[in-house]
Amino acid sequence: MSVAEYKESIKQLVDTTNNELLLQHWKKQLEWDIEHETTVELNDEELNLVKEGLTDYESGNYISLEEFINQRK
């Protein structure tokens with residue numbers, strides 16, 4: 001997937017939700033990621049966890065933010 005395709009995919013995700021809390025979290029995470037994109041280095045284990053998370057997301061194996069918050073209580 002190209003950078004342009006990733007950008008379009010993210011835009012489509014944002015456009016599909018009206019959940020303000022979720023949008024706020026996405027915004028904070030993206031801002032942090034952009035600010036630290038050249039300073040954060042992942043080791044092999046962390047990189048594998050990120051890849052596994054993306055695979056889970058692409059296969060529909062994920063929970064909602066609300067479910068995650070409820071599990072943490």
Side-chain angles (χ1 to χ4, degrees):
M1 193 179 276
S2 70
V3 171
E5 290 170 321
Y6 277 115
K7 285 181 180 182
E8 187 59 35
S9 179
I10 290 169
K11 289 175 188 175
Q12 288 174 2
L13 282 172
V14 170
D15 287 343
T16 61
T17 185
N18 289 320
N19 182 326
E20 185 175 354
L21 183 59
L22 180 60
L23 291 168
Q24 287 173 354
H25 286 289
W26 281 349
K27 181 179 181 289
K28 287 178 187 177
Q29 183 65 53
L30 282 170
E31 287 171 342
W32 189 93
D33 290 345
I34 289 169
E35 184 178 328
H36 296 92
E37 69 183 330
T38 59
T39 60
V40 175
E41 291 184 25
L42 301 178
N43 63 34
D44 288 340
E45 182 181 350
E46 292 166 331
L47 187 57
N48 284 335
L49 288 171
V50 169
K51 289 177 182 178
E52 287 174 19
L54 291 172
T55 300
D56 286 343
Y57 178 78
E58 289 171 350
S59 66
N61 185 19
Y62 55 89
I63 63 173
S64 70
L65 178 60
E66 183 177 5
E67 290 170 317
F68 174 78
I69 292 170
N70 289 335
Q71 287 180 1
R72 304 285 295 173
K73 289 182 180 176

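From a predicted model like this one, the values you see are computed outputs, not experimental measurements.
Partner Asp33 forms a side chain to side chain contact (heavy atoms under 4.5 Å, CB included) with one of Glu35, Glu37, Gln29, Glu31 and no other, that one being Gln29.
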Item to complete: Tell me, with the steps shown, if Glu52 and Leu49 meet side chain to side chain contact (heavy atoms under 4.5 Å, CB included).
Response: CA-CA 5 Å; Glu52 287 174 19; Leu49 288 171; 4.0 Å; yes
Worksheet entry | Verdict with supporting geometry, Tyr62 and Asp56, side chain to side chain contact (heavy atoms under 4.5 Å, CB included) | CA-CA 6 Å; Tyr62 55 89; Asp56 286 343; 5.8 Å; no
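Shown here is Glu41, whose CD atom has no more than 12 heavy atoms of other residues, nucleotides or ligands within 6.0 Å. For CG of Asn70, the number of neighbouring non-hydrogen atoms (other residues, nucleotides, ligands) closer than 6.0 Å is greater than 12.
Looking at every heavy atom in both residues, Asn43 comes nearest to Glu46 through OD1-N, 2.7 Å. Closest of all the heavy-atom pairs between Thr17 and Asn19 is OG1-N, 3.0 Å. Nearest heavy-atom pair, Tyr57 versus Leu13, reported as atom, atom and distance to 0.1 Å: OH-CD2, 3.0 Å.
Residue pairs that meet the ring pair (Phe, Tyr, Trp, His ring centres under 6.0 Å) test with at least one member in residues 4-35, sequence neighbours left out, are Trp32-His36.
The hydrophobic cluster containing Leu22 also contains Ile69, counting ILVMFWY residues as joined when their side-chain heavy atoms lie under 4.5 angstrom apart, directly or transitively. Cluster membership check: Val3 does not share its hydrophobic cluster with Leu30, using side-chain heavy-atom separations under 4.5 Å among Ile, Leu, Val, Met, Phe, Trp and Tyr.
Atom CD of Gln12 sits about 5.0 Å away from atom CD of Glu8, to the nearest 0.5 Å.
At distances below 3.5 Å, not a single donor-acceptor pair connects side-chain atoms of Ser9 with backbone N or O atoms of Glu5.
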